[in-house]
J.: 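Once you've had a glance at the structure underneath, I'll fire off some questions.
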Amino acid sequence: MGGDGIVLDYNNMLAPRLGGGHGIDPARLDAMAERFRAAHADAQERRRSGELGFYALPDDVETVKSIRQFAEGVGQTFSTIVVLGIGGSALGTIALRTALLHPFWNELGDEEREFFPRLYVLDNVDPATIAPFLDRLDIRRTLFLVVSKSGGTAETMSQYLIIRQRLQAELDDGYVRHLLFITDPKKGVLREIATAEGIATLPIPPSVGGRFSVLSAVGLLPAAMVGIDITGLLAGAAEMRERCDTDDLHRNPAALFGTLQYLADTEKHANVQVMMPYSDPLKDVADWFRQLWAESLGKQKSRDGDDIFVGPTPVKALGTTDQHSQVQEYVEGPFDKTITFLAVREPAVDLDIPKLHAELGELGYLGGHTLNELLNTERLATEAALAKRGRMNMTIELPRVDARSLGGLLMLLEIATVYAGHLYGIDPMDQPGVELGKQLTYGIMGRQGYDEFKQEWEGREPKRDEWIIR
Ligand code: PA5
């Protein structure tokens, strides 16, 4: 693999490479060309009608201008940024932070961070983390980005209420300067509060779904505030969008990724779809993808309203770590998986392994190589082991882990999700299952009360004491 772009090598998804009746017949992939043309036409139509707003994010120069203005001006007066958000309002920012910042960014001194702020993402609502985190935080020097498209998500809003009370207790009316809301331009309680109190805001376009929002203000504002090259991110995404602007299945990387995964699931029983970066900086891209793939494709209803209960189960893994945890099962367990490796052609750093203990065969073979050689050798060895045992796998190779490549990768996976949604016959943009959980939480916390719900739920028959072991 070479060149300066993102490369998708799917040889090991195909039957000739795997043998033994495993893998997808290339003729079957070719036969999907027509169906893919329809999927592409549908995506283009939905894009034109404004339903798939994420496609247009690389062109949103106005928002980028506001982001830059804030990030380079007022934003730099804070030493810490804390994102309050969950799901699509958090995972993209975490993926960008892990990929594009120093791995110990928040522990670096001010000078080492070139005076850019620290960046934390709260995400979960477990007080075991939040309480000690807040105890250590100097809120007088912190900006809180409250990120919620709906403005009504229980986790984010409860974090907001806690923070707001602390800010007001410490700063009186000064609290306003320490809050910025990223939310729907018109709707929702956050928008209402911001308008009433003069709190700064940035919009999430209504046509951009939460898990597709990383390249909107949701991911771009925190990224810009810590000095990440957001122009590069958007340029990479735009380049990938152009590459995927063809209805020729074999020339469109998002189409190939989406179609191969779809065929693997529906025709080869491979409904467990692992993403396994051999790169620490990319490990949270796998986490971001896990949400994108699961929440978009796991659906009860078809677009026609029939019950179909479809969707692959995405799994994240990390090379080489999970070679010593998961790979045994991937290589020898049931034929129910695909593995997508993420690889990096030109890693930014390397470390020599010294030639010590040369006389000991078990150690001597390592000396004189580098850690990247070891990482890549292990990836190839895992790929070969999987293929030899008839397990489907493919590799997405990035030239480098930089803003441009990352923007391209995120856009590739988002477009692939739209295509896969069409092939499954579902709408990848909605999430009725998540909404159900949100409504239940709202009802229980707001009206019924936790204790009453617990009593009612636990009293539900059949329930026997002998089915509990104490
Ligand atoms: O992709 C989605 O729509 C969800 O995962 C949301 O991002 C998540 O539930 C948070 O919702 P909100 O941004 O409305 O607070």
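Every number for a ligand or one of its atoms is a count from 1 in the order of the listing. Keep in mind that this is a model prediction, so the values were computed, not measured.
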J.: Which heavy atom of the protein is the closest neighbour of atom 7 (O) of ligand 1, given with residue, atom name and distance?
T.: Gly88 N, 2.9 Å
J.: Is it true that, when you exclude Glu242 itself, more than 12 heavy atoms of the residues, nucleotides or ligands shown sit nearer than 6.0 Å to its CD?
T.: no
J.: Tell me which protein heavy atom sits closest to atom 2 (C) of ligand 1, plus the residue, atom name and distance to 0.1 Å.
T.: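 Sorting protein heavy atoms by distance from atom 2 (C) of ligand 1 puts Glu295 OE2, 3.1 Å first.
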J.: Please identify which atoms of ligand 1 are closer than 4.0 Å to at least one heavy atom of Ser148.
T.: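 By the 4.0 Å cutoff, the relevant atoms are 12 (P), 13 (O), 14 (O), 15 (O).
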J.: Among all protein heavy atoms, pick out the one at the shortest distance from atom 12 (P) of ligand 1; state its residue, atom name and that distance to 0.1 Å.
T.: Thr153 OG1, 3.3 Å
J.: Salt bridge or not between Asp430 and Lys299? Use side-chain N to carboxylate O under 4.0 Å.
T.: yes
J.: Could I get the full list of salt bridge (Lys or Arg N to Asp or Glu O under 4.0 Å) partners for Arg118, not counting sequence neighbours?
T.: none
J.: Within this structure, what is the CD1-CG distance for the pair Ile339 and Asn12, rounded to the nearest 0.5 Å?
T.: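 So the CD1 of Ile339 and the CG of Asn12 are separated by 11.0 Å.
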J.: Using a strict threshold of under 4.0 Å (side-chain N to carboxylate O), is an ion pair present between Arg404 and Asp4?
T.: yes
J.: Among all protein heavy atoms, pick out the one at the shortest distance from atom 1 (O) of ligand 1; state its residue, atom name and that distance to 0.1 Å.
T.: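 Going atom by atom, the protein heavy atom closest to atom 1 (O) of ligand 1 ends up being Arg211 N, 2.9 Å.
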J.: For atom 14 (O) of ligand 1, what's the nearest protein heavy atom and its distance?
T.: Ser150 OG, 2.6 Å
J.: Distance-only, no hydrogens or angles: does the Arg345 side chain make a donor-acceptor pair with backbone N or O of Gly5 under 3.5 Å?
T.: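 Such a contact is found between Arg345 side chain and Gly5 backbone.
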J.: Please report the interatomic distance CZ(Arg391) to CZ(Phe335), rounded to the nearest 0.5 Å.
T.: 3.5 Å
J.: By number and element, which atoms of ligand 1 are closer than 4.0 Å to a non-hydrogen atom of Gly210?
T.: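 With Gly210 as reference, the close atoms of ligand 1 come out as 1 (O), 2 (C), 3 (O), 7 (O).
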J.: Return the residue, atom name and 0.1 Å-rounded distance of the protein heavy atom closest to atom 9 (O) of ligand 1.
T.: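 Ranked first by proximity to atom 9 (O) of ligand 1 is Lys438 NZ, 3.1 Å.
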J.: Who's the nearest protein heavy-atom neighbour of atom 8 (C) of ligand 1, and how far?
T.: Ile86 O, 3.7 Å
J.: Under a 4.0 angstrom heavy-atom cut-off, which atoms of ligand 1 come close to Gln291?
T.: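 What qualifies from ligand 1 is 1 (O), 4 (C), 5 (O).
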